[in-house]
Every structure is written in C-alpha cells, then in structure tokens.
There are 2 protein chains.
Amino acid sequence: MSPVPRYRQLAAILRKAIEVGECPPGSRLPSEKTLTQTYGVARETASKAMDALAADALAVMVPGVGWHVPPEVTGES
Amino acid sequence: MSPVPRYRQLAAILRKAIEVGECPPGSRLPSEKTLTQTYGVARETASKAMDALAADALAVMVPGVGWHVPPEVTGES
DNA sequence: AGTAATTTGTTCGTATGTATC
DNA sequence: AGATACATACGAACAAATTAC
C-alpha cells in the first residue's frame, strides 16, 4: 500500500525525464496509449499523470497532436 | 458479462478471414470506420482489434493508408 | 498547385463493472 | 463510503499522412 497514488508516481517519473533533459522543450511527450503500454497503467492513470504535469506547467496539450514540453520560457529581454 | 471482450471477438473474426484466405497477403484490410459500421462497434474497439492482430504479426499499418496483411514471409532461402 | 476525401493518431468526456485500500 | 485503479466501450473532435482529382 503505497501512500502515493500511481498517477503521481508516473507524473514523478515523467517530471524527472523532462528535468533531466530526455524530453527537451518543445518536444513531444509519449502518447497516453504509449504510457499505458510502457508503464502498464490504465488510460485514466496516464491522463491524470499528465494533468498533474500540466498543473506544474511542465506539459501542455495540443488537440489532435498530443502532449508537449512547453517551449523554453526565457525571462531575458 | 461476456467473458470475451468485443475487441477480441472482432479480432478473432478478422484473424479467421485472413487465415482462410479472404484477405491474401499484401491486401488491404477494412478500414476502422468500415469495421465500426459493419460490426456495430466503436472505433476504439476496432482499433484495439487491429492492434491485437498486429501483435500477432497478422496486420501492419501504413500511415494515411490503412491496415494491410503483411506480404508473404517465405522462409525459403 | 491546391483542394478534398480517406484513414489513422491522439486526446477528451462519459459510462459501467470490478477490485482494492 | 470514498478514493484509487484497471478493463471495457461508446461518442466526439482535431491533426497528420496519404491518395485522388
């Protein structure tokens, strides 16, 4: 009994992958279907994980395309 | 509840059609849209059925074209 | 060159049933 | 009783690749 829900665990894995640089800014993230196959989770779980990342502005969704890492937001002028 | 999911039932039907020779190697398989109309299932169900066939190497997908029966793989040298 | 049609990829929303914590 | 989670299944919308005209 893990106190941490699976969708949060999956979100943590993806967050790590983004921060480490495996998924550079602007790149596409794995589709929810791929996540279900790769991590053996239900679509619901994969979707909630992505929502968690989106809440932290680590992922954005483009209709008909999929999830992406948002482009670098440089605060420089 | 039926012990066998609809997408597996549909996969079995298509598998039979291929093995019987109704869909010879290299030929196109019915589109997912056609399957939904012919068998009264959702597109997701048709898609999962095709994925099941693909897992058995009985079908391959070409983007923008559709599903095909893979060309004859002759084990002859 | 450009538009439309076809087909699949991808996601979202919703729903039911089952099971576990 | 509620939250989490998986499996199944329907409907809908938008995007991308291919093909036909």
Side-chain angles (χ1 to χ4, degrees), chain A residues 1-18 22-73, chain B residues 1-18 22-73:
Chain A
M1 1 135 112
S2 54
V4 181
R6 302 199 66 180
Y7 72 87
R8 289 199 180 280
Q9 296 180 25
L10 178 54
I13 293 174
L14 298 174
R15 182 178 291 110
K16 198 76 174 183
I18 294 174
E22 292 179 19
C23 305
S27 68
R28 257 210 63 202
L29 289 163
S31 70
E32 295 183 356
K33 180 183 178 182
T34 300
L35 292 178
T36 64
Q37 297 170 338
T38 302
Y39 297 97
V41 298
R43 178 191 141 195
E44 178 191 23
T45 305
S47 181
K48 293 184 71 171
M50 299 309 301
D51 287 341
L53 291 185
D56 290 346
L58 286 177
V60 292
M61 221 287 294
V62 181
V65 180
W67 290 93
H68 292 73
V69 180
E72 196 84 62
V73 184
Chain B
M1 320 259 97
S2 59
V4 181
R6 304 192 67 176
Y7 73 88
R8 287 199 182 279
Q9 295 180 25
L10 178 53
I13 293 174
L14 298 173
R15 183 178 292 111
K16 197 77 175 182
I18 295 173
E22 292 179 20
C23 306
S27 67
R28 258 210 63 204
L29 289 163
S31 70
E32 295 181 359
K33 182 183 179 183
T34 300
L35 292 177
T36 64
Q37 297 170 339
T38 303
Y39 298 96
V41 297
R43 193 186 149 195
E44 180 191 25
T45 304
S47 182
K48 290 186 72 171
M50 298 309 301
D51 286 342
L53 291 186
D56 289 345
L58 286 177
V60 292
M61 220 290 293
V62 181
V65 180
W67 289 93
H68 292 73
V69 180
E72 195 84 62
V73 184

Subject >> dC12(C) phosphate, OP1 or OP2, under 4.0 Å from Ser47(A) side-chain N/O >> reply: yes
**OP:** Looking at every strand, decide which applies to Val41(A) at a 4.0 Å heavy-atom threshold: base, sugar-phosphate, or nothing.
**Re:** sugar-phosphate
Subject >> Out of dT8(C), dC10(D), dT8(D), whichever nucleotide has its closest atom nearest the side chain of Tyr7(B) >> reply: dT8(D)
Original post:
Of Arg8(B) and Val65(B), whose closest DNA chain D nucleotide lies nearer the 5' terminus?
Top reply: Arg8(B)
Original post:
Met61(A) CE to dA13(D) P: how many Å, rounded?
Top reply: 15 Å
Subject >> Over 12 non-hydrogen atoms of neighbours within 6.0 angstrom of CZ in Arg15(A) >> reply: yes
Original post:
Which listed nucleotide (dG9(C), dC14(D), dA9(D)) is nearest to the side chain of Glu32(B)?
Top reply: dG9(C)
**OP:** Let me see the working for Arg28(A) and Val62(A) under side chain to side chain contact (heavy atoms under 4.5 Å, CB included), right down to the final yes or no.
**Re:** CA-CA 10 Å; Arg28(A) 257 210 63 202; Val62(A) 181; over 6 Å; no
Original post:
Once you round it to whole Å, what is the distance between P of dG9(C) and NZ of Lys33(A)?
Top reply: 6 Å
Original post:
Considering all heavy atoms of both residues, which atom of Leu58(B) and which atom of Pro70(B) are nearest to each other, and what is their separation?
Top reply: O-CD, 3.3 Å
Original post:
With a 4.5 Å limit on heavy-atom distance, are the side chains of Lys33(A) and Asp51(B) in contact?
Top reply: yes
Original post:
Between Arg43(A) (CZ) and dT10(C) (P), how many Å, whole number?
Top reply: 13 Å
**OP:** Please tell me which of the listed nucleotides, dT8(C), dC10(D), dT10(C), lies nearest to the side chain of Ser31(B)?
**Re:** dT8(C)
**OP:** Round to a whole Å and report the spacing from CH2 of Trp67(A) to P of dT11(C).
**Re:** 9 Å
Subject >> Separation of dT10(C) C1' from Gln37(A) CD (nearest whole Å) >> reply: 13 Å
Original post:
Between dT4(D), dT10(C), dC12(C), which nucleotide gets closest to the side-chain atoms of Arg28(A)?
Top reply: dT10(C)
Subject >> Protein-nucleotide distance (Lys48(A), atom NZ; dC12(C), atom C1'), rounded to Å >> reply: 15 Å
Original post:
For Glu44(A) and dT16(C), what is the distance between atoms CD and C1' respectively, to the nearest whole Å?
Top reply: 13 Å
Original post:
Leu10(A) CG to dT4(D) P: how many Å, rounded?
Top reply: 15 Å
Original post:
Do the non-hydrogen side-chain atoms of Lys48(B) and Leu10(B) ever get within less than 4.5 Å of each other?
Top reply: no
